[in-house]
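Contents: one structure, followed by commentary.
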Number of protein chains: 2
Amino acid sequence: MLSFLVSALVICHNGPMADPAPLTARARARAEITGEIKATARRHIAESGATALSLRAVARDLGMVSSALYRYFPSRDALLTALIVDAFDAVGEVAEKADRSESSGDAGDRWRAVGHAVRRWALDNPHEYALVYGSPVPGYVAPPDTIEPASRITTVLMTVLSAIAEESIQRVLPEPPASTAAELAAIAPDLPPAQTALGMAAWAQMFGAISLELFGHLESVVYDRDAFFDHLLTLAILEFRSSP
Amino acid sequence: MLSFLVSALVICHNGPMADPAPLTARARARAEITGEIKATARRHIAESGATALSLRAVARDLGMVSSALYRYFPSRDALLTALIVDAFDAVGEVAEKADRSESSGDAGDRWRAVGHAVRRWALDNPHEYALVYGSPVPGYVAPPDTIEPASRITTVLMTVLSAIAEESIQRVLPEPPASTAAELAAIAPDLPPAQTALGMAAWAQMFGAISLELFGHLESVVYDRDAFFDHLLTLAILEFRSSP
DNA sequence: AAGAAACGAGAGCACCGCTCTTGACAAGGG
DNA sequence: CCCTTGTCAAGAGCGGTGCTCTCGTTTCTT
């Protein structure tokens with residue numbers, strides 16, 4: 001199964017090797033197989049959801065035996081965590097790309113573009129979205145590895161929020177309570193806490209709307225979901241910049 | 001185990017029975033046991049979450065054998081569905097009670113009271129909240145039984161929304177797109193669609209905020225969650241009534 | 001009182017996550 | 001060059017799961 005890999009490695013070792021990281025054949029094979037495991041697991045999740053993910057089924061698809069998977073992931077939870085990290089990264093990348101593609105427009109358009117991009121990704125990968133923003137598995141505690149990829153999208157939203165604050169007339173906003181103001185000042189020092197609070201409200205609204213739609217709570221209520229979501233974004237953007 | 005039930009029934013049958021529905025001993029026992037099954041299942045879920053719910057464990061706790069449970073619920077999914085319906089009902093009741101207790105105040109206070117009550121219930125019953133508003137189990141499709149209990153809380157929110165619309169000066173709101181306007185007019189005929197859209201935005205924000213908090217996305221971001229959530233409600237209420 | 005319906009118990013099936021052991025193979029030092 | 005060491009896939013096996021079927025027993029209905 002891995003013979004082609006091994007032979008490829010031999011060639012690499014014999015010929016001129018520009019790779020700065022001299023990966024041994026085993027290390028290469030290991031990375032390759034780890035990727036294949038994650039890929040098929042992701043495929044299974046896309047079809048049947050996270051709770052139905054079975055190590056044995058993944059192993060069967062890969063032509064190996066279930067116990068062999070434990071060489072690569074110490075437990076089912078570990079595999080799920082790896083997929084969660086990847087999903088966080090994917091949604092972060094989608095948001096960044098949408099922001100960049102709209103960076104010439106005004107900040108409101110950037111927020112709208114990011115919102116639509118995130119929703120589009122969620123609709124295209126519902127089970128992965130559920131993995132990240134749905135209810136976590138009962139005993140699951142987010143390992144530290146997830147914190148960094150999770151911050152990618154919030155960074156994008158914060159950036160857009162700053163841009164909005166810069167380009168539009170500052171609106172008179174209600175001051176958050178002292179504790180909240182201090183906490184928001186800690187995570188966004190260059191923004192007035194009232195503005196950051198408004199951004200988090202918009203964040204909650206955005207993910208709330210996507211979750212409501214994806215988890216079936218808009219069924220027989222709203223049908224043209226594209227238009228509805230766009231209007232919600234309009235309301236949020238309007239609230240950002242409408243002067244009192 | 002059920003002997004006390006049987007004897008109680010005998011007494012009921014012999015003595016004066018005012019029950020308008022002449023339940024047989026079997027029917028009474030069935031209702032009783034069904035309730036016990038749901039209660040222990042709810043307890044298990046409160047401790048370990050829905051995905052860890054095991055019919056065999058529930059049966060063990062009740063001193064019966066797993067196959068006996070199938071006399072009451074045709075499948076694990078059916079039991080879960082019953083619990084979902086109960087959870088919908090519970091959150092609906094909490095919302096109604098909060099609304100009633102604040103019905104003397106102005107409409108903004110009512111919205112705030114409902115919001116805090118729902119969040120409080122979610123924090124007290126996180127796994128049940130996840131059951132209802134978290135990611136549904138992969139193959140799960142909401143049966144028609146869930147629609148009616150699910151509408152309880154939305155009805156409360158709609159009522160409060162109407163009250164807000166009545167008592168405060170109508171704000172100039174952006175008109176939703178035609179399709180959205182038509183759909184919102186269908187579910188709330190006596191409200192301008194723009195106002196209903198604002199209500200749904202606030203709804204999404206409320207559940208988004210609760211979900212973000214409950215599912216760990218506010219970790220190391222916001223610590224005084226009570227104050228933060230209250231401020232979010234303040235922003236929503238303000239948006240309801242602030243004139244442009 | 002007799003037949004029908006509902007019930008609890010038990011055995012059994014296929015599947016799951018996970019552990020342990022075994023034998024094959026590559027990597028690197030003597 | 002061989003030989004030790006570490007890594008790997010495979011297999012058997014354990015306890016657990018949802019679910020089905022059968023078999024006596026109990027309860028309701030007629």
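Only this structure's heavy atoms are used, side chains among them; waters, hydrogens and symmetry mates stay out. Letters A, B, ... mirror the listed sequences (proteins, then strands); counts begin at 1.
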If you define the side chain from C-beta out and look only at heavy atoms, does anything of [X] sit under 4.5 Å from [Y]?
X	Y	answer
B:Leu161	B:Trp203	no
A:Arg119	A:Met206	no
A:Asp61	A:His44	yes
B:Val118	B:Val91	yes

Indicate whether any N or O donor in one side chain lies under 3.5 Å from an N or O acceptor in the other, for B:Tyr129 and A:Ser135.
no
For residues B:Asp226 and B:His116, is any side-chain donor paired with an opposing acceptor at under 3.5 Å?
no
Are A:Tyr133 and A:Phe207 close enough that their ring centres sit under 6.0 Å apart?
yes
Measure from the side chain of A:Ser67, starting at C-beta and using heavy atoms only, and say which of D:dA10, C:dG8, C:dC18 lies closest.
D:dA10
Grab the N/O contacts between the protein and nucleotides 3-5 of chain C below 3.5 Å, and write none if there aren't any.
none

Between [N] atom [atom2] and [X] atom [atom1], what is the distance in whole Å?
X	N	atom1	atom2	value
A:Ile37	D:dC8	CD1	P	10 Å
B:Tyr70	C:dA6	OH	C1'	18 Å
B:Leu80	D:dG18	CG	C1'	12 Å
A:Leu69	D:dC8	CG	C1'	12 Å
B:Glu32	C:dC7	CD	P	14 Å
A:Asp77	C:dG17	CG	C1'	11 Å
B:Leu62	C:dC7	CG	P	15 Å

Heavy-atom nearest nucleotide on DNA chain C taken for B:Ser66 and for B:Arg30; more 5' hit belongs to B:Arg30
Distances under 3.5 Å only, N/O to N/O: pair up the protein atoms with those of nucleotides 15-17 of chain D.
residue	atom	partner	partner atom	Å
D:dT17	OP1	B:Ser54	OG	3.0
D:dT17	OP1	B:Arg60	NH2	3.3
D:dT17	OP2	B:Arg60	NH1	3.3

The answer to which of B:Ala27 and B:Ser75 contacts DNA chain D further toward the 5' end, by nearest nucleotide, is B:Ser75
At what distance, to the nearest 0.5 angstrom, does CD of A:Glu219 lie from CD of A:Glu213?
9.5 Å
Any B:Arg71 side-chain nitrogen or oxygen under 4.0 Å from OP1 or OP2 of C:dG8:
no
Are OP1 or OP2 of C:dG8 and a side-chain N or O of B:Tyr72 less than 4.0 angstrom apart?
yes
Passes salt bridge (Lys or Arg N to Asp or Glu O under 4.0 Å), B:Arg112 versus B:Glu102? Steps please.
CA-CA 9 Å; B:Arg112 188 186 304 272; B:Glu102 202 70 26; over 6 Å; no
